[in-house]
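Computed from a predicted structure; not experimentally measured. Within every chain, numbering begins at 1; the chains are lettered A, B, ... in the order of the sequence lines, protein sequences first and strands thereafter.
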Amino acid sequence: MPPFARKLLDWYAHAHRPLPWRDTADPWAILVSEIMLQQTRASVVIPYWQRFLERYPTPAALAVAPEQELLTMWSGLGYYSRARNLQKAAQAITEAGGFRPEYEFLRALPGVGDYTAAAVASIAFGLKHAVLDGNVMRVAARLTCDAGDIGAGVTKKRLQAAVDQLIPASQPGLFNQAMMELGATLCVPRQPQCLLCPVAEFCEGRKAGRASDLPIKLRRATPILEAMTLLIVARDGELLMWQRPADSDRLAGFWELPEAAHLPNVLKTQKLGTVRHGIVNHSYTITVYLAGVPRALPGREKQLKWIKRNQLAELPVSTTSRKAIQLWDKGRES
DNA sequence: AACACGGGGAG
DNA sequence: CTCCCAGTGTT
């Protein structure tokens, strides 16, 4: 094995964090973990992954799951199209009679792009496909001292070529996991721990004294500030809520507290406070009011419904509404 | 190539 | 509070 891979794998063998999906060889469990880990930290994923696989231990089990149940299982993880695509993927896998150990089969599944296909191909099936996620991009940019903008396609192609050169024919899955682990624990965005790095001797960025300045990221969207008003309309053990339409562009099928516009005639009886919520490049400031119960419920279009509090845990509820309800609960305790 | 999509952790 | 993180699908 080449010296780089040898040094990296020796380090990984004793330094890696004990994450639960590293103890399985089941392609389904590995696929689920990789989908959940897209844009989401490992510590957040762990409890979701465990509950998800208890409920859906096989692709066939997820293939026939009701959508509301699936979204409830995913609620809080974000990027809910991942859940819908994963169900479509489960249906495709079931129809194919199970996983086929080929990169192209995996890559064709809904919600599976270059990264996830390479991760599952290498980790579950031992195929030599190098992953390039955010961690690996950072590691590779430093290793090769590449000062290109990692938002640009050409830079990604260059970095992909670099890791393609480094990945060994044996243990490609462990190599990929080791590269990501290095980026997650030592080769971190700020103040990289080069003194502890097992491959520092190969690092051109470090030799040039530029490791901590890489990678270069040019694009930065300015966050959009938005104000929102949510209403707590409660009667014994029930809350007034509405469900977003199935074709909504975001949070489709999720239950939310009513906004002021849904109940134009209601009295804002008491301001409970504000909660903040940052999503993608939006920053919401949510003012929460405790409101009285209207005499008649308006709106065929908004479909306001009374939801029992103990039912809420079994429904997909947006995090903005959840935070508002938490604020109300907190106020009632004291 | 640009944009939309959630949510959370670190400092 | 502010800054940072970064896969996939669509346009």
Open item on the list: On DNA chain C, does the nearest nucleotide to A/Pro110 precede the nearest nucleotide to A/Arg41 from the 5' side, or the other way round? Give the residue.
Closed with: A/Arg41
If you only use heavy atoms from C-beta on, which nucleotide in [options] is closest to the side chain of [X]?
X        : options              : value
A/Arg190 : B/dG11, B/dG6, C/dT8 : B/dG11
A/Asn85  : C/dG9, C/dC5, B/dG6  : C/dG9
A/Pro189 : C/dA6, C/dC5, C/dG7  : C/dC5
A/Lys217 : C/dT8, C/dG9, C/dC5  : C/dC5
A/Arg276 : C/dT2, C/dC5, C/dT8  : C/dT2
A/Val44  : C/dT8, B/dG8, C/dC5  : B/dG8
A/Thr319 : C/dT8, C/dA6, B/dG7  : B/dG7

Open item on the list: At less than 4.0 Å, is any side-chain N or O atom of A/His277 found next to OP1 or OP2 of B/dG7? Yes or no.
Closed with: yes
Task: Presence of A/Tyr80 side-chain N/O under 4.0 Å of B/dG7 phosphate oxygens OP1/OP2 - done: yes
Open item on the list: Just checking A/Arg84: does its CZ atom have more than 12 heavy atoms from other residues, nucleotides or ligands closer to it than 6.0 angstrom?
Closed with: yes
Whole angstroms only, please: what is the [atom1]-[atom2] distance between [X] and [N]?
X        : N     : atom1 : atom2 : result
A/Tyr115 : C/dA6 : OH    : P     : 11 Å
A/Met137 : C/dC4 : CE    : C1'   : 14 Å
A/Leu31  : C/dG7 : CG    : P     : 15 Å
A/Asn176 : C/dG7 : CG    : C1'   : 15 Å
A/Arg82  : C/dT8 : CZ    : C1'   : 10 Å
A/Gln38  : B/dG8 : CD    : C1'   : 17 Å
A/Arg84  : B/dC5 : CZ    : P     : 13 Å
A/Arg244 : B/dG6 : CZ    : C1'   : 13 Å

Task: Spacing of the P atoms in C/dT2 and B/dG6 (rounded, Å) - done: 23 Å
- [ ] With P as the reference atom in both, quote the distance from C/dA6 to B/dG11 in angstrom, rounded to an integer.
- [x] 15 Å
Open item on the list: Looking at the base of C/dG7, is there any donor atom on it, or on the side chain of A/Gln39, that sits under 3.5 Å from an acceptor on the other one?
Closed with: yes
Task: A/Arg55-A/Thr72 side chain donor-acceptor pair, cut-off 3.5 Å - done: no
TODO: Applying side-chain hydrogen bond (donor to acceptor under 3.5 Å, both in side chains), run through A/Tyr56 and A/Glu69 and close with a yes or a no.
DONE: CA-CA 11 Å; A/Tyr56 311 120; A/Glu69 181 191 280; 2.6 Å; yes
Open item on the list: Can you confirm if the aromatic rings of A/Tyr79 and A/Trp74 lie within a centre distance of less than 6.0 Å?
Closed with: no
Task: Closest-nucleotide ordering on DNA chain B, the 5'-leading residue of A/Ala152 and A/Ser81 - done: A/Ala152
TODO: Decide whether a cation-pi geometry holds between A/Arg51 and A/Tyr48; the criteria are a distance under 6.0 Å from NZ or CZ to the six-membered ring centre and an angle within 45° of the ring axis.
DONE: yes
- [ ] Decide, yes or no, whether a salt bridge links A/Lys156 with A/Asp114 under the criterion of side-chain N to carboxylate O below 4.0 Å.
- [x] no
For [X], report the nucleic acid contact type (base, sugar-phosphate, nothing); a contact means any heavy atom under 4.0 Å.
X        : value
A/Ser43  : nothing
A/Arg322 : nothing
A/Leu251 : sugar-phosphate

